[in-house]
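A short write-up of the structure that comes next.
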Amino acid sequence: AGASAEDIQAQLDFLNALFPLLQARDYEAIRELGYETALEQWEQLTEEERTATGAEDAESFAQTAADNMLAQVGNEPFASLIEYDPTADLATIDVPILAIYGGLDLQVNAEANVAALETIVADVTIITLEDANHLFQAAETGSIQEYSQLEFGFTAEFLPTVSDWILERVDVVAE
């Protein structure tokens, strides 16, 4: 999304600090990490950007950012989601599976997941819809910021892909 190498590294450093805290369920430390990170971000903002945040000062900006971050990630469902490894569950499936990936999905990368899925699941059909994002919308970049700007609904190939796959595997009896 046009981030500098420095910004990307800062985000990676943040995530590398966050994940062990999630694993430990140390929600107070997560809030503190959010707070300290927000203070650092405040220092990088221009006066115009600071005004646009609506915060009165660095303290209120950091407090709000920390509270928001804790509300989003500082809970058991989120921590469990981050930790979940579907390998064992997938290995127990003994029916055909259709796995559809969006070629522009920046949240679940097809290339990173296809090989593992093929080795775990005995009967899997894997299809990548090249112009689809994580929500299977027809997309340009796949960016989360793009979601709300796109036409509501699935890419044109999504539903036919699903229905064709099902129809190849079931007998349809006309009444």
Side-chain angles (χ1 to χ4, degrees), residues 1 3 7-42 53 55 60-139 141-150 152-155 158-159 161-162 165-166:
D7 288 342
I8 292 169
Q9 188 58 54
Q11 182 65 22
L12 290 172
D13 293 344
F14 171 78
L15 293 173
N16 286 329
L18 175 64
F19 289 141
L21 299 176
L22 280 171
Q23 235 176 352
R25 307 306 196 264
D26 189 344
Y27 301 126
E28 186 52 42
I30 290 171
R31 189 184 186 295
E32 184 63 25
L33 176 65
Y35 178 84
E36 294 299 328
T37 301
L39 284 179
E40 291 170 12
Q41 291 171 340
W42 179 265
T53 69
S60 64
F61 176 77
Q63 291 288 352
T64 300
D67 291 343
N68 290 341
M69 189 179 88
L70 190 61
Q72 290 175 8
V73 305
N75 56 71
E76 184 59 30
F78 187 81
S80 295
L81 175 68
I82 295 299
E83 289 179 338
Y84 177 64
D85 179 356
T87 304
D89 291 328
L90 288 170
T92 66
I93 297 174
D94 61 358
V95 295
I97 293 176
L98 172 61
I100 303 176
Y101 292 94
L104 297 174
D105 187 341
L106 300 179
Q107 293 172 265
V108 178
N109 181 278
E111 192 175 313
N113 289 280
V114 166
L117 189 57
E118 288 175 325
T119 62
I120 298 167
V121 179
D123 186 358
V124 62
T125 303
I126 299 172
I127 296 172
T128 300
L129 303 176
E130 295 303 328
D131 70 336
N133 65 14
H134 185 70
L135 305 178
F136 299 109
Q137 295 170 292
T141 67
S143 154
I144 293 172
Q145 291 79 11
E146 182 183 46
Y147 290 180
S148 64
Q149 300 166 5
L150 298 173
F152 182 76
F154 299 124
T155 184
F158 181 75
L159 292 177
T161 298
V162 174
W165 184 85
I166 292 170

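Note that these values count all heavy atoms, side chains included, but never hydrogens, waters or copies made by symmetry.
Not counting sequence neighbours, the partners of L39 by the side chain to side chain contact (heavy atoms under 4.5 Å, CB included) test are Y35, E36, A58, A62. Listed by chain and residue number, F158 satisfy the ring-ring contact (aromatic ring centres under 6.0 Å, His included) test with F154 (two or more places apart in sequence, or in another chain). The side chain to side chain donor-acceptor pair (under 3.5 Å) search around S60 returns D57, not counting sequence neighbours. With sequence neighbours left out, the side chain to side chain donor-acceptor pair (under 3.5 Å) criterion links T155 to D131, E157. Under the side chain to side chain contact (heavy atoms under 4.5 Å, CB included) criterion, I8 pairs with A3, L12, sequence neighbours left out. By the side chain to side chain contact (heavy atoms under 4.5 Å, CB included) test, A139 is found to be paired with L104, N133, E146, L150, residues two or more places apart in sequence or in another chain being considered. With sequence neighbours excluded, the residues forming a side chain to side chain contact (heavy atoms under 4.5 Å, CB included) with L90 are P86, I93, L117, I120, V121, listed by chain and number.
Across every non-hydrogen atom of T128 and A110, the tightest pair is OG1-CB, 3.9 Å. Nearest heavy atoms, F136 versus G102: CE2-N, 3.9 Å. The shortest heavy-atom contact between L98 and I127 is CD1-CD1, 4.0 Å.
Taking OG1 of T125 as the start and CH2 of W165 as the end, the distance is 6.0 Å to the nearest 0.5 Å. We find the CG-CD1 distance between L18 and I82 to be 8.0 Å, quoted to the nearest 0.5 Å. Note that CD1 of I126 is 9.5 Å distant from CG of N113, once rounded to the nearest 0.5 Å. Between atom OG of residue S143 and atom NE2 of residue H134 there is a gap of 13.0 Å, rounded to the nearest 0.5 Å. Considering CZ of F19 and CZ of F14, their distance stands at 9.0 Å, rounded to 0.5 Å. A distance of 12.0 Å separates CD of Q72 from CD1 of I30, quoted to the nearest 0.5 Å.
Pairs engaging residues 61-74 under the salt bridge (Lys or Arg N to Asp or Glu O under 4.0 Å) rule: R31-D67 [sequence neighbours left out]. A ring pair (Phe, Tyr, Trp, His ring centres under 6.0 Å) check over residues 60-91, counting only residues at least two apart or in different chains, returns the pairs W42-F61. Applying the salt bridge (Lys or Arg N to Asp or Glu O under 4.0 Å) test to pairs two or more places apart or on separate chains, those with a residue in residues 81-98 are R25-E83. Within the structure, no pair that satisfies the salt bridge (Lys or Arg N to Asp or Glu O under 4.0 Å) test touches residues 97-126, not counting sequence neighbours. Applying the side-chain hydrogen bond (donor to acceptor under 3.5 Å, both in side chains) test to residues at least two apart or on different chains, the pairs with a partner in residues 13-24 are Q9-D13.
Between Q11 and D7 the shortest side-chain heavy-atom distance does not fall below 4.5 Å.
Using modelled atom types, one side-chain atom of T119 and one backbone atom of A116 make a donor-acceptor pair closer than 3.5 Å.
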